[in-house]
Each structure stands twice: as C-alpha cells, then as structure tokens.
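Here is the structure we will look at, set down as structure tokens.
On a predicted model such as this, the values are computed, not experimentally measured, just so you know.
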There are 4 protein chains.
Amino acid sequence: MTTDGYVPAPADRFSFGIWTVGWQGVDVFGPAVRPPMPADRAVRKLAELGAYGVNFHDNDVFDFDASESERDQRIAAFRQALADTGLVVTTATTNLFGHPMFKEGAFTANDRDVRRFALAKVMRNLDLAAGMGARVYVCWGGREGAESGASKDVRAALDRYKEAMDVLCQYVLDQGYAIRFAIEPKPNEPRGDILLPTLGHALAFITELEHPELVGVNPEVGHEEMSGLNYAHAISQALWHGKLFHIDLNGQHGPRYDQDLRFGAGNARGAFWVVDALAAGGYDGPVHFDYKPPRTEDDDGVWESARACMRNYLILREKVRAFRADPEVIKALADSRVSALSEPTLAAGETWRDVRAFTPDIGALAGRGMAFERLDQLALEHLYGVR
Amino acid sequence: MTTDGYVPAPADRFSFGIWTVGWQGVDVFGPAVRPPMPADRAVRKLAELGAYGVNFHDNDVFDFDASESERDQRIAAFRQALADTGLVVTTATTNLFGHPMFKEGAFTANDRDVRRFALAKVMRNLDLAAGMGARVYVCWGGREGAESGASKDVRAALDRYKEAMDVLCQYVLDQGYAIRFAIEPKPNEPRGDILLPTLGHALAFITELEHPELVGVNPEVGHEEMSGLNYAHAISQALWHGKLFHIDLNGQHGPRYDQDLRFGAGNARGAFWVVDALAAGGYDGPVHFDYKPPRTEDDDGVWESARACMRNYLILREKVRAFRADPEVIKALADSRVSALSEPTLAAGETWRDVRAFTPDIGALAGRGMAFERLDQLALEHLYGVR
Amino acid sequence: MTTDGYVPAPADRFSFGIWTVGWQGVDVFGPAVRPPMPADRAVRKLAELGAYGVNFHDNDVFDFDASESERDQRIAAFRQALADTGLVVTTATTNLFGHPMFKEGAFTANDRDVRRFALAKVMRNLDLAAGMGARVYVCWGGREGAESGASKDVRAALDRYKEAMDVLCQYVLDQGYAIRFAIEPKPNEPRGDILLPTLGHALAFITELEHPELVGVNPEVGHEEMSGLNYAHAISQALWHGKLFHIDLNGQHGPRYDQDLRFGAGNARGAFWVVDALAAGGYDGPVHFDYKPPRTEDDDGVWESARACMRNYLILREKVRAFRADPEVIKALADSRVSALSEPTLAAGETWRDVRAFTPDIGALAGRGMAFERLDQLALEHLYGVR
Amino acid sequence: MTTDGYVPAPADRFSFGIWTVGWQGVDVFGPAVRPPMPADRAVRKLAELGAYGVNFHDNDVFDFDASESERDQRIAAFRQALADTGLVVTTATTNLFGHPMFKEGAFTANDRDVRRFALAKVMRNLDLAAGMGARVYVCWGGREGAESGASKDVRAALDRYKEAMDVLCQYVLDQGYAIRFAIEPKPNEPRGDILLPTLGHALAFITELEHPELVGVNPEVGHEEMSGLNYAHAISQALWHGKLFHIDLNGQHGPRYDQDLRFGAGNARGAFWVVDALAAGGYDGPVHFDYKPPRTEDDDGVWESARACMRNYLILREKVRAFRADPEVIKALADSRVSALSEPTLAAGETWRDVRAFTPDIGALAGRGMAFERLDQLALEHLYGVR
C-alpha cells in the first residue's frame, strides 16, 4: 500500500475504457485467461481506485447479439454502478471491428449493407452515449484497411469514410447531442494497412468533412509509436490545430505488435514529454488510459496495472512541473534559445522584402552550439528523480 | 544493351534530382567514393538516357560559398546543358540542411537569424527556379526537428513553419511566378524526429496556411516506408485531397536508415501498387526519382542505376495496364465487390433516418468471403510476368 | 483454373501446418470467422491441391482437454486421411502457448510444474509424431519471454531451456526415434520479448546443448523480417552451420505484427532470394508453409491462398533457375567478382606472415566499381519476367 | 556544476572511443560542424571528466594516408597524453569501413586484395594496441554486407570471415599478445544488410572458429535496438555463453538510423535493465560508451554529453542496487516465483521417465496470476526515484 502523494482523485480526471480492465486476454495464439468482467464491476472497481470516468463500446456493456431485455438489463446495471460511484461517462465508442461481418471494414466495407449497418449501430449507441452524458465519441476504424493492393479503392474508401462522418455529424446535430467525434488513427493491426494511419492523416481528412468543427482526433501513444513517430510531437501538432479532443495513454516498444502496456511502461522518457506536452498545450479533456493488463495477470494484477497507470501520470506530472520550475532548466532553455522560436521571423510590419537580402554572420551561426545536451540531461535527471 | 520496349522517352516525363546521380557517397562512416559531378554533366548524361527533366538544389549547381562569378558560371553551364539537350527544369528546391548553420533547422531554427537567412536563400533560388521554368518548388525540411524533448517548442515551430510558407507563397504571388510548393515529409534522419513526419501531417499543416491552394506534398517512397506506412495508400490520400503536386520515387526496406535505393529495388510489390495508384488517381506531374546510386558503384554504375529507375517504371506501367485490362482481374474485382465501395452508402435523397434502423442479414454478411486472396494472387502473377 | 506449368506435385515436397488452413481467424480484436476444420479435412484438401506433407501441433488434431477416446478418434481420422491421400507427416510440434497455464512460458515458465508438464506434453506428442513418421520436431517457444525486466531471469531461463532440450534429446535417443529438433525463433508477439529472438540466437544456444547434433533451426520468413533482418541471409548462415533442418515460408511487411501472409505476398523480392538461397545451399527438407489465410477469406479463399503459396514457390524456382543460367547474369557476376570471394584470402600454405606487409594499389581498389546495380537489375528483371 | 555523488572515478572503469567525442558531425546530409580533435586532446579531456580508459581506431590517431613520421608523431602525442593522465587503453580496433577501398567490405570484400590488405591493416594496429596494453580488440565489420541479393555469396563470405578471424587469432597467439577479440554486430547501415546482424548471429559464428576461446562479442545498445531486440536480454545471453568481452553503451529510439545518443537518452527504461543485467551477470570489462555528441553541439556540448554518459550510468547503478535491496521488491520477486526458475525442472537424479506422465493441477496453474505488473511497477518507481 503506497502512502505517498500519488493518489488519484476525480479532480485528476482519469478515465479508462471498460474494455481495458475487462480484457480477457484472447490473442492470436491463445484463448481467454480471465473471466468476463461486467461493465458495472469495472465501474465500481475503477471508482475505488480513484478514477473519474469511463469510456465504453456498446459491446463492452452488452453482447452484439444480446436480446433487448438483456441489453436493457446490462445497461441498467452499468447505469446503477455509475450512479452509485459518481463516475461519469466521458466518452463512448462503437465496436465496429469484432463481429465477423466487419472483417473487411465498417464505414469503408466493400459491402454496402455492412456500411449501412455500421452507421445504424453507431447511431444507436450515440443515443445511449448522449443519454449517459458522454461528450466525446471515439471512432477507431480498426478494420478499415487492406492486406492487399487491389482489394480496396483507397480514394473511394475515403469518400465513404467522409460520408459516414458527415452522416454522423448530421445525426448529432439533428438530435441536439452535445457530442464531438474523435478519430483514433492506427497504422496496422488487425489489418495489414489501416486507413488514416497516423494522427496527421486523420487531421488532414477532417478538413474535408462537412462539419470539421465537430471532429478531432484521439491519438494513442502506442499507435503512433508503432510507426516510430514521436507521440509528444503528434499531440503538440494536434493541439496546434485545435483538434486534440481526447487522448489514449498507454505504453509500447516501437514498431511491433500493439502492446497496450500500462502508461509509463514502454517508452518511459517519451511519457515524460507526453505529460509535458499536454500541460504546455492546455489539454483539458479526460486523461484516458487505453491499455491491456498483460495476459500474465489475474484479477489482482488487473487492478494493480490500472492503479499504476494513474500513479505514473501523477508522478510524471509532478516531475514535469519541477522541471519547468527549475532555475537551471530556465537558464538552459535560454542558453538553447528555445523561446526565441516564439518570436516571429519577420518583425511586425516586415514583409519578404525585408529579408530578401538578409545576410547574417554565417560563420558565427555555424559555429554556435545549441546546448541541447545540457538541457536534455536536466530533463533526464528530473525523470530519474535525482534533482 | 537492352533492345526491348522499355526505353524511356521525354513523353514519359521522367526526371531526376541533380543530387541523385551526383551523390558522391559520403555517409556517416566514410568519405566520398566518387568525384564531384557538375550539374551540366548530369544533365547531358540524363538526356542521353531518355530523361525529360531535372530538379536541383541551389547548391547542386554552385557551392554555398561560391562567389557571384563562380555562381554565374556554374549556372550558365547548367543552362547551356539544358538548352543543348532539351531537358526541362520541372522542379527546384533549396539546400537548407547541409551547411552547419542549419544544424538545428532552417524555417524552425531557434536562432531567428538562421530563419531569416533561410527565407532569403529560398527566395533567391526561387528567382533562379522561375527563370528556368520550374513549376514546382520542393521544401524538404530535413533539419527541422529535434533529438530531445525540451529543445524544440513544437507548437512554436509550427507557427514559424507556417510563417515561412506564408512568406514564400506571398513572394511567388508578388513576383508572379507560376510556381507551387510541395512539402516533402520525412519521419527522421538526419534529425531524431522531424516535424511534419508523414504525408498526413504535411497535408494537415497545409490547411492552416494563408494560401493552401499553392502548397501540396511531395511524398517519397522511402520516407513513408521508414514509418512502415503504405506509400500507395499515402499517395492515394494525397490525390483524394488534390494535393499530390510531385512524387519522389525510390526504394527502401522498411524502418531503418534512409536507403534511397533505385525505384523497383526495395519493396517491389509496393512499387507495382505505386504505379497503379498514380495511374488510377490521374497524377500528371513529373515522374521523379530521388535515389542514391550505392556507394559500391563507379560512374558506370551510376548511370546503370539511373537507367534502371526509368526502365522499372516502364515495366511496371505495362504490368499495371495489363492487370487492369485482364478479364480475370475484372471478374475478381467484381467478386470482391471493389467497385461497390464507389456507391454512396446512402442513396440519393436518403438521410440518416433511412439507415437508423437498418438491419441486414447479419449471418450472411458475416459468412461471406471477400475473395481478396484470389485477386491479390492475380496481381502478383502480373508482377511476376506469368500471366 | 490455371493451366500453366506451375502445378505442385508431391515431388516438390510442399507441406503445410494443419493450423494454417485451419486458422479460424481469432485475433485480439475479433472472434472466429470460419468454422473449426478437422485435421483430416485439411489433409484431404491439401492432397487435392498437390501437397506432399503436413505438420501438426497435438492440439490441431485433438483439443487440449479431449478425453482419451476423443483423442483416439481424432487421431484415427487424421491417420485415415493420411493413408487415403498418401500425404506424409514430415514434421510435428507441440502447442505450448495456447492454454492459459502457458501464459508465462512452458520450458522457461517460472512455475516448475508448468515446466514439468510441458516436457510431458512434448514427450507424449513425440510418440505420436514418431508413430506417424515425422523426422523433424519443431519447437516454437512463443510464450517463453517477458514483457517486463525483473519478471524473467534470462540466464536461468536459458538454463531451463537447455535442460528441456537436453531432456527431449535424451528422450528421442532412448526411444530410438529418428527425429531431430528444429527451434523456431521469433522476436516478439505474443510476448513482449521472446527468448532466442532470431535465428542467430537459436544457433548459438544450440551449441551449448548436450546433443547439438540433434538440434537445428526452423526459421520463418516473417519472424526474421519482424526484426528487419534479411531472411535469405539468415538461412544462408544456417546452411553454413549445417543447421537448416526446416523452413517456414510466408510473407510479412517488416517490423509490425506477425502477418503470416501467403508465401510470395509481402516482400516479393526477398522471396526470390529465399528460393535462390535454398537452392544454392542444397536445402533438402520439406518446403513448408506457415501462413494464415486472411480473416477476409471464406473456405474458398483458404484453399486459394494455400494453392498460391505453392504456385509462387514454383514460379520463383523457375525464375531463379533462369537467372542463374542467364549468360548476361554469369557475365555480370564475374564483373562483380562474386566468385572471387570463394577463393581463400590466404593462398594454400600462406600464413599471416605472407600478408602482414601486403600493400595493394590502394587507389585502384578505391576507384574500382563493383557493378552491383547492373547485376541486381538483371535479377529484378527475372523477377518481373521481362527477360 | 553538480555536487552530488554521481561523479565518475577511474575505479568505475568508464571508457570512451576516441571517435566518439571526436566525431565532427559529418552525415549523409551535411559536412563537419566541429573541427578535428587530436586523440591526445580527447584523452586529456576525458581524464578530466573522470574516465578510466579509451578505445581507438588506428585512423582516430593518424590518417589513413599519414606518412610514417606523421604516424609516429601522432602516436607519440597520444602516448604522452595517456602517460600524463593515467588513462589506459582498454581496447582497440581498426577502421575497415571509411576508406573507399572498403566500400564493399574488408574481410569479406569480393576483391581478394582488399581482404589481404584488411588483414595487414589489422595486424599492424594489433601491434600498436598490444604495445599500448589493450586487452580487447573490437571487430566491427560495418561494410561487410550487401544491398542486393546476388552481389554477395553469404556462405562464401562467412568462410572468409572465419578465415580472417582465424588468421588474426593465430597472429595474437604467435605474437604472444594478451588480446582477445570482440565482434560487434549490427543489422544495417551503412550497408543494406550487414553480415552477423545481431549478437546471436555473432555468437553462433564464433563457435565455428579455430580459436573460439579468443573471440567474444561487443554488443552495442543501439545496434540491437535497431532490430527491435531487447539489449538486456542480449547481454544476458552473451553472459550465459561466457562471451560478453566488451560492451558499447549508448542510446537509440528503435528501428531507424543509428542514432548513437548518449547513454541514458533513448530507451531510458531499457538502460535500467542493462545496468541490472551487467551487475547480475558479473560483467567485469570496461564500461564503454560508443555514442556521438549530436551535431547541434559545440565543444562544450561534446563534453557535457560525455560527462552525462558516465553520470547516467552511476545514477542507474545506484537505482539498480536500491531496487534489488528493496524488501518490497524481494517480496514481489517471490510472489512472481522468479527464483523458482533457477531450480532445475528435473530434480537431482530424475530423468525424463519421472516427468513423462506428470499431470499437475492444470486449472490451478491456469488461473494463477504472475504478479508481474506489481513487480515491474516497483522497478519503474525506482527508475523514477520515488521510492
């Protein structure tokens, strides 16, 4: 039992997907190692640990082929747990990847009936989500993609993806739901190549929609790192575009299968910069964890890992604050001229004419060191906790 | 000497960077293995091989610290070679990565004087490029990035990147140059993480500019594949956005150092789909090669590799056409319902109300095979030349 | 229906894992899309397609918790299908990764009872394998590894791995089974990091065993390519050590999740060199495919993909032979001095004293081109089928 | 100025390659940013920082084409600096990758004269190394490899590699030098695929040599991580084989170009386990850093980064000791049954007959959690310095 200050509280706005702690451990090479976890149990346990909210797929709460009464019963239990614990539903999403009918996509399935049903499934869950107070609706198109070149007309697929998002935006507008969408990019797995493979591709796509203002991104640490990309850079660009509607925090070891490690595990130094980037950019959404307790863990291990996600965020948040407040860091930042980048290249009133013939002291600029190693070492020592 | 039909002609619009055949083989572990190649020699040899055009950095033609007279002399020789051979300058670009002053970036360097000089250097070369008839101006920000977290304020860097592009767009507008810009993304190398790391990030960035209509992308096969991304998908998305202003064709073996292999080498199957995607999407820019003749090659090997780039494109173009015309392929595409994806999900006049309650025969859709393996095998056999 | 010459026959010695065509499509994100396939059905269908043999896990034939009578019944059906079709069991293996008890390893599980049971399970299946005539027994330790640093004492794990292999070697010796073992390396998935992650690590490990002569390797295309390694180089090194006891052919797109594409798909150019390396090195084991028909396929697609694996091997085999017989290739190999590498560096009778002061014409060697691009282009044109 | 306890002293046995702090910053995209650093200056500065020893390539001390007198003069200055400072030469190596003559390899170059000269060059430097007291001689075959399939006969290349190592082993034996060799693996860069790409491949290769006892490995953090492999696992396997003769510590961000970051930067969590594995395995060689001060740094930044390499090792060494001594960790290790793996699977006197019919309580083993998340979180909190 830890007795230090890294104890999560609702004010920290930590949230979890129901499917995270509920993951049973099925993978390509083996079946479930843990029993199913009803959504209401997940809610109650997460509340005990200090979480603030949850995110759910429709089929985290009730099975794909649940009868109406089963569905209602499961939802009622879920609602009761929320009511009892005070946890909020910050976010919801639809499972458009599990059922065999979605084996080739949902919004971009070649089969039009699959596409139509996918829209219906989302709309139905949007009703539930809105009723539960969700403000963000995540769209992860995990099966929207291809293993082979001719099987998917990518430009047509993007037309259909846009159509789907346009229809759904219209739906929430018409229904008056206070919900915005967040597209979650991923490069591959379970498909060979997934459409909108990175945060960048999703941000570009959004600009083509009918209601771009309603749609942002939900980047996941591991998904960007599977492409070898810097997640802190990614979320900084999303913040720059005003599009960081949600985040999925977890851990990964670079290009390989989707590991979904607990936050903090994986790229530990990257995690420090993630927390820094969120603070610097003023992210104010839920601090959401999308990870999988490893298959080696029993129920105790599940909660241990969930607790650790929040704890690591709190530890890193404290470190980041200390780093930014450290006088030596402030001096090192100045030595590296970091804030000089915030100064416009052209002074007020200048145009290209004012720099067209600009010639600096090239030798001096060439020889000048940036002192980045000093600065980065200070950051690393804050991570280590030795400053 | 090959006497088959894969002989490039200017009508094929093949172009090369001067720096490609001119690469001397300097890498991190060893010095030059080949003598410098004057730009005019590159032009004359490429013309002999059947190329249509060239692309150049300012410092491919004259050295960074060339005197005015040296500069003029080198440009004159370059112009003369173009005039003698009929090769056109399709594209130009600026070296903002070689000189030590750019060690930390150019448009996004922390040092403001570096940023100002970078703009001046581009404007000066834009004059030259416009005078030579270039219609595309490539911006590869190879040093715009960071190895460490605090050294670069990413959001400020994007502000400066935008500022630079806005200034340069205004410059070409004010000068009346018929030039459009194409941003070339790259994830890393020579910097630890480069800003605008993929085509997607660049496409998103462009939408924030003052003149987005003047700016598109120049994706390079190897750069996207260094992130494990599917280049054919990437250019298809760029075409979907109307932003594929230029392409850089070469070869790569996945996430590792930037190999810049000749086109066709590397991901051979991917190359087939690249040629297919360009044809399907109506790309009409120059078919540009940006590769490096390996350090093992002497001058003969340089030209062998350049010839092979064009030859491989012609071979693949023929294969792609045969594939698309093959009746078995047409049938297989139908079996895979590929064209059904071009049909809108909602029929004309339908709204979300028409699909809100849609329930298909789920079992039938779940059980239906997509026949993608058959289709992909046909494609592979066209690549193999056994059909 | 293809009527060309690429029709597999038993003399080609193609074999498949029962689990390949039998894969139901369960992955981390969705359940089965195809019904279970009894082993005897797989055998009969593979025989129709022209296969020579099969490989099986114990639990491909009967379930982990099958009763003795169920087990006997399933084995009998399997035997009958083999007898009816003439297919041989070339290879067998044990499922030590599926059952939850193996969630943390089998031969190297921390829990000693798991290790003891794993040995028992293998021995029991060795009896079955020997009775069916298998000559190779594959050991894939898919769960032998770790996601976190302290959880596994790697040196102790290697001790236990060695102990397990030593016990099993003694078992086959004592039982008089004509069986050799082949260790199958994999870097990760389903574990974060798997022990013996590449062919090299496995080759080194084998030298420490009590009976190294009984143990070789079974490298899989995708497993080595998941580490970004060159599979043709890998099997050439295995052949050099005399340790290529078996191969697992399939397709992969570099470092990402284990794709198990059909052979030929994935790295098409790499596949050409794989077939070349097998021929050059005199590999005489079964030509085994370990792939997964994509989840998009129905039963027809399963067989289409199985057929294509063999067909692609035959196509590539023909190409490789044509490449090696092509007079231009022979000349190009000479120009590249490839065979000069087979000449010892020291002449017969020479010692280090004869080269201690050797000084060649350094300038000449430095300037000499290797003509590799010419040679490689010839290979690529054989792959393309345009020569 | 840091005044804490993380101050390196010679007893810590830290060593650096002369080429590390001496790296001028030449890369594929730009020339030198720092002036050449004479070896004697590197020695004097490293001594000031608290280093114990150095490693050098012949051409770190004198140029490839230095005259004899230049060579003698540079060596004398190097020796004087060593004498003045007390730094020792722990290790030496030969540059067989820089000069254009080695563009296609050295020990495995197709051109026999290159191979012969490479041996001569190494022998000559072995004399120097022995005279300076080096006990380890590193062989990094950075150009031994290929970009294309037919250009290198891999099995012949391994024959020549073995021949080279056998000749060199005989040389040190005949000369009576107390030197052992350490092969340094790397997967790629500067060649497309390098022979002996991982520690495993090198370990296997060594077993085929005439004097395997004289040859071990020198694994580099970044080189193994470029293949996505776990470096702590790698060195644990090397220690298990008794072959960890030397280490190259630095930092890397997974599969991409060779970053050569300072130790601690890159995979910070991995670095913790590296230090732990070295301690647990009893590694007693020099703690060697092979990194490159980033091109952004001036001379001050060079020394800052060198100092930080040592400092980070000391910080991590303290953390690892605290982790292993922490009573909660000891309990958590027991809960995870980590030490149970050191118990042989078969008891003393048991044979396979004793486990052939072993049947444990399968349900109990399947349901038992491993408690690895708890254990790993304790490790992470030690890394964070919050315990």
Go through C:P344, C:A234, C:A164, C:A379 and name the one with the most non-hydrogen pairs under 4.5 angstrom from chain D.
C:P344
Parallel under 30°, tilted from 30 to 60°, perpendicular over 60°: which one fits the rings of C:H201 and D:H201?
perpendicular
Pick from C:G145, C:G200, C:S148, C:A371: which one has the most heavy-atom pairs with chain D under 4.5 Å?
C:G200
Might you point out which heavy atoms bring C:A150 and D:W273 nearest each other, and give the distance in Å?
N-CH2, 3.4 Å
Which answer fits D:D127, side chain, backbone, both or neither, if we ask what part of it has an atom under 4.5 Å from a heavy atom of chain C?
side chain
Contact part of D:A340 toward chain C, heavy-atom cut-off under 4.5 Å: side chain, backbone, both or neither?
both
Do any of residues 151-160 of chain C come closer than 4.5 Å to chain D, heavy atom to heavy atom, and if so which ones, in number order?
C:S151, C:K152, C:D153, C:V154, C:R155, C:A156, C:A157, C:L158, C:D159, C:R160
Most contact-rich option vs chain D, by heavy-atom pairs under 4.5 angstrom, among C:S342, C:G228, C:G367, is C:S342
List the atom of D:A109, the atom of C:L341, and the distance in Å for their closest heavy-atom pair.
O-CD1, 3.4 Å
Which residue out of C:E373, C:Q170, C:M123, C:H233 racks up the most heavy-atom pairs below 4.5 Å with chain D?
C:M123
Restricting to non-hydrogen atoms, name the atom on C:P187 and the atom on D:L229 that form the minimum distance, rounded to 0.1 Å.
CB-CD2, 4.1 Å
Does any donor atom in the side chain of C:H241 or D:E208 lie under 3.5 Å from an acceptor atom in the other side chain?
yes
Ionic contact status for C:R337 with D:D113, cut-off 4.0 Å:
no
For chain D, the option from C:L203, C:L378, C:D193, C:D354 that forms the most heavy-atom pairs under 4.5 Å
C:D193
Could you give me the CA-CA distance, side-chain angles and deciding distance for C:V355 and D:R115, then say whether side chain to side chain contact (heavy atoms under 4.5 Å, CB included) is met?
CA-CA 10 Å; C:V355 291; D:R115 302 199 297 271; over 6 Å; no
Rounded distance [0.5 Å steps], CG in C:N110 versus OG in D:S336:
7.5 Å
Is D:E350 salt-bridged to C:R116, cutoff N-O under 4.0 Å?
yes
Looking at every heavy atom in both D:I362 and C:H99, which two are closest together, and how far apart are they?
CG2-CE1, 3.4 Å
Taking every heavy atom of C:D111 against every heavy atom of D:R368, the minimum-distance pair comes out as OD1-NH1, 2.9 Å
D:E163 side chain vs C:L346 backbone, donor-acceptor pair below 3.5 Å
yes
What part of D:L195 lies closer than 4.5 angstrom to a heavy atom of chain C: side chain, backbone, both or neither?
side chain
Contact class of D:Q175 relative to chain C, heavy atoms under 4.5 angstrom
side chain
For the CZ atom of D:F358 and the CG atom of C:L119, what is their distance to the nearest 0.5 Å?
10.0 Å
Top of C:V114, C:L199, C:T351, C:D174 for chain D proximity - count of heavy-atom pairs under 4.5 angstrom
C:D174
